[in-house]
Amino acid sequence: MDLPSFLWLWRFAAWSMGLSLTAYGLLAISGLILWGDRRHQRPRPPWLAPVHRTLGISLVVLVLFLLAIGLIGTLGYYGSLGHSWHLPAGVTVVLLVLTSAWSGWQIHPKQPQMRRIHITCNLLLALGFLAVSWSGWTVVQKYLPP
Ligand code: HEM
Ligand code: HEM
């Protein structure tokens, strides 16, 4: 496959990553408000949890989309996977996002351990996003015109 047809793919990846980081930031803000309202036993605005969930679903879709672009693009170009540590970074981020979404959905006053899993995943996710952005940015250099 020729390079120009590939560049748009990685440009797509960069844009989706921007959207993912925005979604993560908004999830962190809405999550912190949910957490603060619970701790101080304030009533929650009724729209806050649904907004948090919807943003969460968007993040899951974006990250799965990035995984698909990465796998298809790499297989199309090399015919094999595993050309840098971007692969483990990407797989880790996808697993963390899926675990976070699953545990978030189980949060219930009777199940405090799910809240702990949700919050731990999301803190690790900040590191995961850093790793995947940095390694993605490094490998994308190969495709950019000099
Ligand atoms: C991956 C997608 C995500 C989904 C599907 C999701 C879903 C949920 C759900 C359903 C709740 C429970 C809301 C309720 O009590 O009704 C929740 C709570 C929360 N989420 Fe998320 N979430 C996601 C990502 C995140 C992220 C990225 C962060 C932070 C960076 C975050 C931080 C929080 C916090 C702090 C709470 C409040 C827990 C508490 O009540 O103390 N979530 N989330
Ligand atoms: C959550 C975000 C991301 C995930 C889950 C992800 C996932 C993947 C995966 C699994 C691969 C195959 C790697 C291999 O087998 O060696 C890949 C390749 C690639 N990704 Fe990503 N990626 C993400 C973000 C990014 C970003 C932000 C960029 C930069 C714009 C990027 C650029 C690339 C490039 C250029 C390749 C080709 C690998 C190479 O040439 O060695 N990715 N991605």
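Note that ligands are numbered from 1 as they come in the structure, with each ligand's atoms numbered from 1 the same way. These numbers come from the heavy atoms of this one structure, side chains and all, not from hydrogens, waters or symmetry mates.
- The atoms of ligand 2 that sit less than 4.0 Å from any heavy atom of W10 are 19 (C), 20 (N), 30 (C), 32 (C), 33 (C), 34 (C), 35 (C), 36 (C), 37 (C).
- Atom 21 (Fe) of ligand 1 sits nearest to atom NE2 when only the N, O or S atoms of H118 are considered.
- Expressed to the nearest 0.5 Å, how far CD1 of I69 lies from OG of S16 amounts to 4.5 Å.
- Listed by atom number, the atoms of ligand 1 under 4.0 Å from S100 heavy atoms are 1 (C), 23 (C), 24 (C).
- Each of the following atoms of ligand 2 lies closer than 4.0 Å to a heavy atom of L67: 10 (C).
- Here is the list of ligand 2 atoms found below 4.0 Å of a heavy atom in L71: 10 (C).
- Proximity annotation for atom 10 (C) of ligand 1: of S30, G31, G104, G104 comes nearest, heavy atoms only.
- Residue R115 has at least one nitrogen or oxygen atom sitting less than 3.5 Å from a nitrogen or oxygen atom of ligand 1, judged on distance alone.
- Close approach to G90 involves these atoms of ligand 2, each under 4.0 Å from a residue heavy atom: 5 (C).
- A heavy-atom distance below 4.5 Å is not found between the side chains of L66 and F12.
- Within a 6.0 Å radius of CH2 in W85, more than 12 heavy atoms belonging to other residues, nucleotides or ligands are found.
- No side-chain heavy atom of V139 sits less than 4.5 Å from a side-chain heavy atom of H83.
- Contacts between V94 and ligand 2 below 4.0 angstrom, taking non-hydrogen atoms only, involve the side chain exclusively.
- Formation of a donor-acceptor pair under 3.5 Å by the H40 side chain with backbone atoms of R42 is not found in this model.
- Heavy-atom proximity to A28, at under 4.0 Å, picks out these atoms of ligand 1: 29 (C), 30 (C).
- Which parts of ligand 2 touch M17 is read off a 4.0 Å heavy-atom cut-off, strictly below it: atoms 2 (C), 27 (C).
- In this structure, of R38, R44, R39, R116, the residue bringing a heavy atom nearest to atom 15 (O) of ligand 1 is R44.
- For atom 40 (O) of ligand 2, the closest heavy atom belonging to the protein is Y143 OH, 2.5 Å.
- Atom numbering of ligand 1 starts at 1 in the shown order; those under 4.0 Å from a heavy atom of W105 are 5 (C).
- The atom name of the N/O/S atom in H52 closest to atom 21 (Fe) of ligand 1 is NE2.
- Of the listed residues (L125, L75, V139, L66), the one carrying the non-hydrogen atom nearest atom 2 (C) of ligand 2 is L66.
- Close contacts between ligand 2 and G136 involve ligand atoms 28 (C), 29 (C), 31 (C), 32 (C) [criterion: under 4.0 Å to a heavy atom].
- When L64, V132, T74 are checked for heavy-atom proximity to atom 37 (C) of ligand 2, T74 turns out nearest.
- Within the 4.5 Å cutoff, the side chain of D37 has heavy atoms near those of the P45 side chain.
- Counting heavy atoms under 4.0 Å from ligand 2, residue Y77 does not touch it at all.
- For the residues R11, H86, H83, Q141, the heavy atom positioned nearest atom 22 (N) of ligand 2 is part of H86.
- When only interatomic distances are considered, the shortest N/O to N/O separation between G82 and ligand 2 falls below 3.5 Å.
- Contact annotation: for L81 versus ligand 2, heavy atoms closer than 4.0 Å belong to both the backbone and the side chain.
- Atoms of ligand 1 found under 4.0 Å from any heavy atom of A49, numbered from 1 in the order shown, are 16 (O).
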